[in-house]
There are 2 protein chains.
Amino acid sequence: MGLTKADIFSKEQNRLAMLLKALAHPARIAILQRIMISNTCICGDLVGELGLAQATISQHLLELKSAGLIKGSIEGTSVCYCIDPDTWKVLESIIQDFLANYKGETVCCQ
Amino acid sequence: MGLTKADIFSKEQNRLAMLLKALAHPARIAILQRIMISNTCICGDLVGELGLAQATISQHLLELKSAGLIKGSIEGTSVCYCIDPDTWKVLESIIQDFLANYKGETVCCQ
DNA sequence: ATTATATATTGCAATATTACGATTGATTAT
DNA sequence: ATAATCAATCGTAATATTGCAATATATAAT
């Protein structure tokens, strides 16, 4: 069907999956790294740096924005993007919580 | 096209995106949580616990296995799954590295 | 050998994602 | 006003994902 049955999972499971999905593309990883490494907003530098068409990058930016991971502000003729600190904190927190469930190697399955 | 241009990104970016993609579904989150919370391998308990058909769960398990996140061993007529500790360590490490790029709130984009 | 049980695979339909060219909209410079 | 620049949106094609019924496979029990 191609349609996730979101209703049978918890709010937290859906939220984590949604955020991870937004991250789960090399172009979006690259965009976020570029923003974070600059430690500032970046304005339009992305096209040309990544080897993707302008429309494609705009689409990836929209996905990151829809997930709440970044926010953009119009700066003259270009648009500046930066990490949305609120969502980013949530992301860090729920990823930590998820990974913390792992208690280390087990002695089964040998 | 629907085909990611993996060749224009770094090995690390592709690897992180691949692992996050394997995680980025509420059913697979739920499966991993179930395995981790048991702190042992789990054998066939998944069908019935999640509200998905057996074929669907089998498919999600295959995706987790293909990404290297879990491994399975045949135990009589059922199959036991557990976290693959090697890949899991890599996952924790590269997620930490990725998140560590964030230097905190900036003063731009106001 | 036959049956029961558990998981994997196949085939299919519905929907989502990725990518890009072309176009549009908005702002700045001339 | 006009042109230039930048980013968003639209339309489209190719491919991927999600989900399940049906079937196949493999082991255990009778």
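Just so it is clear, the structure is predicted and the values come from calculations on it, not from any experiment. In what follows, every chain begins at residue 1, and chains take the letters A, B, ... in the order their sequences are listed.
- Rounded to an integer number of Å, the gap from A/Glu49 CD to D/dA7 P is 12 Å.
- For D/dA16, neither phosphate oxygen OP1 nor OP2 lies less than 4.0 angstrom from any side-chain nitrogen or oxygen of B/Lys21.
- The side chain of B/Tyr81 contributes an N or O atom lying less than 4.0 Å from OP1 or OP2 of C/dA8.
- Tracing side-chain contacts under 4.5 Å through hydrophobic residues (I, L, V, M, F, W, Y), one never reaches A/Leu3 starting from B/Ile57; they form parts of separate clusters.
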| said: Strictly under 4.0 angstrom, non-hydrogen atoms only: write out the protein contact profile of nucleotides 19-30 of chain C, one letter per nucleotide from the 5' end, B, S or -. | reply: BBBB----SS--
Tabulate below the donor-acceptor pairs under 3.5 Å that side-chain atoms of residues 47-56 of chain B make, not counting sequence neighbours, or state none.
from	atom 1	to	atom 2	distance (Å)
B/Glu49	OE1	B/Arg34	NE	2.7
B/Glu49	OE2	B/Arg34	NE	3.3
B/Glu49	OE2	B/Arg34	NH2	3.1

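- Distance, B/Leu23 CG to D/dT17 P: 14 Å, rounded to whole Å.
- Within residues 61-70 of chain B, the residues approached by DNA chain C to less than 4.0 Å at the level of any non-hydrogen atom are B/Lys65, in residue-number order.
- Using a 30° and 60° split on the angle between ring planes, B/Phe9 and A/His25 fall in the perpendicular class, above 60°.
- Between the CD1 atom of B/Ile42 and the P atom of C/dA6 there is a distance of 14 Å, given to the nearest Å.
- Position along DNA chain D of the nearest nucleotide to B/Ala24 versus A/Asp45 favours A/Asp45 as the more 5'-ward residue.
- Rounded to whole Å, the distance from CG on A/Asn14 to P on D/dT18 is 13 Å.
- What separates CD1 of A/Ile57 from C1' of C/dT18 is a distance of 13 Å, to the nearest Å.
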